[in-house]
Amino acid sequence: PKMAGDFAVQVGAVFVLCIYGGVVQAATPNIIIMLMDDMGWGDLGILGQPEKETPNLDRMAAEGMLLTDFYTANPLCSPSRAALLTGRLPIRNGFYTTNDHARNGYTPQEIVGGIADSEVLVSELLAQAGYRNKIIGKWHLGHQPQYHPLRHGFHEWFGAPNCHFGPYDNKATPNIPVYNGSDMVGRYYEDFPIDRASGESNLTQLYVREALEFIDRQAASAQPFFLYWAPDATHGPLYASRGFLSTSRRGLYGDAVRELDDGVGKILARLKNNDQHTNTLVFFTSDNGAAMVSRTEGGSNGPFLCGKQTTFEGGMREPAIAWWPSRIQPGQTSHQLSTVMDLFTTALELAGAAPPSDRVYDGISLLPTLLNGTEVDRPVFYYRGNELMAVRYGLYKAHFWTWTNGQDERSRGIDFCRGEDIPGVTTMQQVNHTDSPLLFHLGRDPGERYSIKPKSAEYKQAMQKLAELVANHRAALVPGEPQFNMCDSAVMNWAPPGCEKLGRCLKGPPSKPYKCVWTH
């Protein structure tokens with residue numbers, strides 16, 4: 001029987017649909033977030049990729065809304081994912097380090113930290129609102145059991161807690177486990193092969209199949225669902241299944257993109273087959289910009305400067321498509337400044353759910369934008385580790401700090417801005433511009449190449465507003481407990497939950513905590 005709380009949620013969801021016009025649907029909307037890994041703004045045909053190898057994503061945009069000014073919360077995987085799921089900047093939710101200034105941290109196997117129990121994830125709130133939640137693919141919010149998705153509002157999980165790095169020898173380093181639910185069902189490179197020579201792996205096919213089966217089950221149950229689809233084939237080491245290998249003009253990276261595009265097409269088609277498409281919001285984006293360090297085996301950030309690991313546009317601006325037939329009018333483009341944290345707020349509004357009122361959130365609801373084409377002014381803050389590097393408001397972006405990465409790394413071929421050297425902008429040292437920030441107009445200069453002269457009237461007028469926004473942001477900021485400070489080889493994936501049943505537990509070293517070293 002329906003409880004009073006469930007009824008309130010139903011009424012809330014219907015109320016939302018009434019507000020924004022159109023036909024009222026009694027059913028609570030389903031929500032699908034498709035989060036790619038290291039896919040760049042310029043990787044989609046609709047955004048100018050010259051090979052035009054993403055027909056399903058291009059059609060998705062034609063049938064829905066393309067958001068051209070959509071940002072991640074951090075130019076690296078773990079913090080951006082934590083921000084999406086908590087609706088809060090990494091500096092607030094703890095996904096950063098204070099071991100060194102402005103360093104990108106994440107969740108490798110050695111990390112002791114993860115998503116704190118005090119953080120409330122969108123999955124937890126949707127579960128309370130009656131949703132069935134599934135994550136498929138990469139979690140990256142901590143690999144120790146207390147951090148796992150099933151402890152944080154998800155009912156189902158098929159995927160892994162870390163990146164698919166490897167293979168390892170299971171002596172110095174264990175191979176990464178793959179989970180089905182709360183138990184591991186094998187490990188990458190052992191039970192879930194990735195051929196490092198050819199790039200062949202069937203993982204994306206497994207992730208697509210899991211999504212289709214979940215949609216079928218939920219359509220039959222009539223229970224609203226939240227699907228968080230997070231495949232990682234476009235993150236190095238790249239992989240694609242046999243049917244897609246050597247099919248792209250872009251090499252192995254393009255093979256991976258083509259297979260993901262095919263998967264998107266299959267998922268949207270399955271929604272239509274189950275008559276769920278008019279009651280499901282699907283949002284496609286990426287966790288951070290393409291990795292320039294991967295050279296020809298990475299993605300494209302289009303006209304934007306640098307890539308992953310940096311707070312230039314190439315590291316932070318993401319491809320973004322919203323699709324909801326009958327609710328989102330087709331063929332729209334929006335320049336609304338928006339972020340992954342808005343997906344938290346938007347999902348809760350759709351579900352008629354409210355987050356706890358004891359904390360600050362960084363997202364806004366995108367429903368007015370998606371359903372009515374509304375655009376509102378709001379700032380976007382660009383963080384790298386514990387430092388606010390830049391801010392955007394309107395078409396103006398000010399850099400308070402610049403840094404790519406050091407000469408020591410560049411001499412070893414690690415370059416986050418490969419082929420793009422702009423004196424005084426793509427600096428190899430951390431440069432503090434706080435006294436005279438670098439200001440760019442992203443309409444006239446999306447590549448951040450020509451800074452506006454500080455003595456100009458335009459500079460003074462734009463900086464007045466930007467400085468005010470930053471001062472207000474800093475004054476109200478209460479940083480969370482940093483999760484990326486401590487590492488320990490003993491916490492690696494030696495004996496994950498479920499290893500006993502498989503007879504696959506490994507013996508790890510004794511605990512010896514140390515301060516994590518983040519080089520960039």
Side-chain angles (χ1 to χ4, degrees), residues 41 67-75 89-92 101-102 289 301-307 310-318 333-339 341-342 360 362-364 369 374-404 416-417 420-479:
W41 192 94
L67 292 95
T68 55
D69 296 65
F70 188 87
Y71 289 87
T72 185
N74 189 272
L89 283 162
I91 192 76
R92 298 194 211 275
H101 178 249
N301 295 314
F304 303 122
L305 184 61
C306 301
T310 78
T311 48
F312 299 107
E313 291 295 288
M316 297 282 287
R317 206 190 292 206
E318 308 307 324
T333 299
S334 175
H335 300 293
Q336 172 65 51
L337 282 198
S338 40
T339 78
M341 295 167 289
D342 299 340
V360 174
D362 296 288
I364 63 172
T369 299
T374 306
E375 293 185 8
V376 297
D377 289 331
R378 56 89 70 96
V380 169
F381 298 103
Y382 302 66
Y383 271 87
R384 182 164 171 170
N386 60 347
E387 185 59 77
L388 177 61
M389 304 287 282
V391 62
R392 177 180 171 184
Y393 185 78
L395 284 165
Y396 290 102
K397 178 179 178 183
H399 291 268
F400 303 99
W401 288 83
T402 54
W403 189 36
T404 57
F416 302 147
C417 298
E420 299 177 313
D421 187 20
I422 299 168
V425 179
T426 55
T427 56
M428 284 191 280
Q429 295 81 35
Q430 294 185 6
V431 178
N432 187 350
H433 302 276
T434 305
D435 291 341
S436 181
L438 299 180
L439 182 68
F440 297 94
H441 185 283
L442 295 176
R444 300 192 302 260
D445 178 24
E448 299 170 280
R449 283 160 170 78
Y450 311 102
S451 60
I452 297 168
K453 290 182 170 57
K455 289 182 178 172
S456 67
E458 181 184 16
Y459 182 96
K460 288 169 184 166
Q461 187 178 352
M463 278 311 307
Q464 189 175 351
K465 179 64 179 176
L466 290 165
E468 178 190 328
L469 289 165
V470 167
N472 292 342
H473 171 73
R474 285 200 165 119
L477 182 66
V478 180

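These values consider heavy atoms only, across backbone and side chains, with no hydrogens, waters or symmetry-generated copies. Please read all numbers here as calculations on a predicted model, not as lab measurements.
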Next on the checklist: Contact between Glu420 and Cys306 at the side-chain level, heavy atoms closer than 4.5 Å - yes or no?
Outcome noted: yes
Item to check | Heavy-atom side-chain proximity of Arg317 to Phe70 below 4.5 angstrom | outcome: no
Checklist entry - Can you list the steps and then say if Thr404 with Phe312 is a side-chain contact (heavy atoms from CB on, under 4.5 Å)? => result CA-CA 9 Å; Thr404 57; Phe312 299 107; 3.9 Å; yes
Item to check | Closest contact, heavy atoms only, Asn301 versus Gly307 | outcome: ND2-CA, 3.4 Å
Checklist entry - With a 4.5 Å limit on heavy-atom distance, are the side chains of Val425 and Arg449 in contact? => result no
Checklist outcome for this item: Value for OG (Ser338) from CG (Asp69), rounded to nearest 0.5 Å, stands at 7.0 Å
Checklist entry - Is there a side-chain contact between Thr434 and Trp401 (heavy atoms, below 4.5 Å)? => result yes
Next on the checklist: Go through it in stages, so that I can follow the logic: the residues are Phe440 and His433, the test is ring-ring contact (aromatic ring centres under 6.0 Å, His included), and I'd like the CA-CA distance, side-chain angles, deciding distance and then a yes or no.
Outcome noted: CA-CA 13 Å; Phe440 297 94; His433 302 276; 9.6 Å; no
Next on the checklist: Could you report the tightest heavy-atom contact between Pro75 and Thr310, atom names first, then the distance?
Outcome noted: CB-O, 3.1 Å
Checklist entry - Are Pro437 and Met463 close enough that some pair of their side-chain heavy atoms sits under 4.5 Å apart? => result yes
Checklist entry - How far does CD1 of Ile91 sit from CG of Asp362, to the nearest 0.5 angstrom? => result 11.0 Å
Next on the checklist: To the closest 0.5 Å, what do you measure between CG (Leu469) and CD (Gln464)?
Outcome noted: 11.0 Å
Next on the checklist: Looking at every heavy atom in both Leu305 and Gly447, which two are closest together, and how far apart are they?
Outcome noted: CB-O, 3.4 Å
Checklist entry - Who pairs with Arg384 by salt bridge (charged side-chain N to carboxylate O under 4.0 Å, His left out), at least two apart in sequence or on another chain? => result none
Checklist entry - What are the two closest heavy atoms between Ala476 and Arg92, and how far apart are they? => result O-NH1, 4.3 Å
Checklist outcome for this item: Between Phe381 and Leu89, the two heavy atoms sitting closest are O-CD2, 4.4 Å
Next on the checklist: Counting C-beta onward and ignoring hydrogens, is there a side-chain heavy-atom pair between Met428 and Trp403 closer than 4.5 Å?
Outcome noted: no
Item to check | Option passing ring pair (Phe, Tyr, Trp, His ring centres under 6.0 Å) with His441 (candidates Tyr450, Tyr459, Tyr396) | outcome: Tyr396
Checklist entry - Can you tell me how far OG1 of Thr402 sits from CE of Met389, rounded to the nearest 0.5 angstrom? => result 7.0 Å
Checklist entry - So Thr333 and Thr68, side-chain contact (heavy atoms from CB on, under 4.5 Å) or not? Walk me through it. => result CA-CA 7 Å; Thr333 299; Thr68 55; 3.7 Å; yes
Item to check | Beyond-backbone contact of Tyr383 with Pro90, side-chain heavy atoms, under 4.5 angstrom | outcome: no
Checklist entry - Measuring from Ile452:CD1 to Lys460:NZ, what's the distance to the nearest 0.5 Å? => result 13.5 Å
Item to check | Results of salt bridge (charged side-chain N to carboxylate O under 4.0 Å, His left out) for Glu448 - residues two or more places apart only | outcome: Lys397
Checklist entry - So among Glu318, Met341, Arg392, which one has a side-chain contact (heavy atoms from CB on, under 4.5 Å) with Tyr71? => result Arg392
Next on the checklist: Taking the basic N atoms (NZ, or NE/NH1/NH2) and the acidic carboxylate oxygens, is any pair closer than 4.0 Å for Arg444 and Glu458?
Outcome noted: yes
Item to check | Side chain Glu375, main chain Thr369, donor-acceptor under 3.5 Å | outcome: no
Checklist entry - Roughly how far, to the nearest 0.5 Å, is CG of Leu388 from NE2 of His473? => result 5.5 Å
Checklist outcome for this item: Heavy-atom closest pair (Phe400 atom, Ala390 atom, distance to 0.1 Å) is CD1-CA, 4.0 Å
Next on the checklist: Within the 3.5 Å criterion, strictly below it, is a donor on Glu387 or Tyr382 matched to an acceptor on the partner's side chain?
Outcome noted: no
Next on the checklist: Between the side chains of Arg378 and Asp342, is the shortest nitrogen-to-carboxylate-oxygen separation below 4.0 Å, so that they form an ion pair?
Outcome noted: yes
Checklist entry - Are side-chain heavy atoms of Thr72 and Thr339 found at a separation under 4.5 Å? => result no
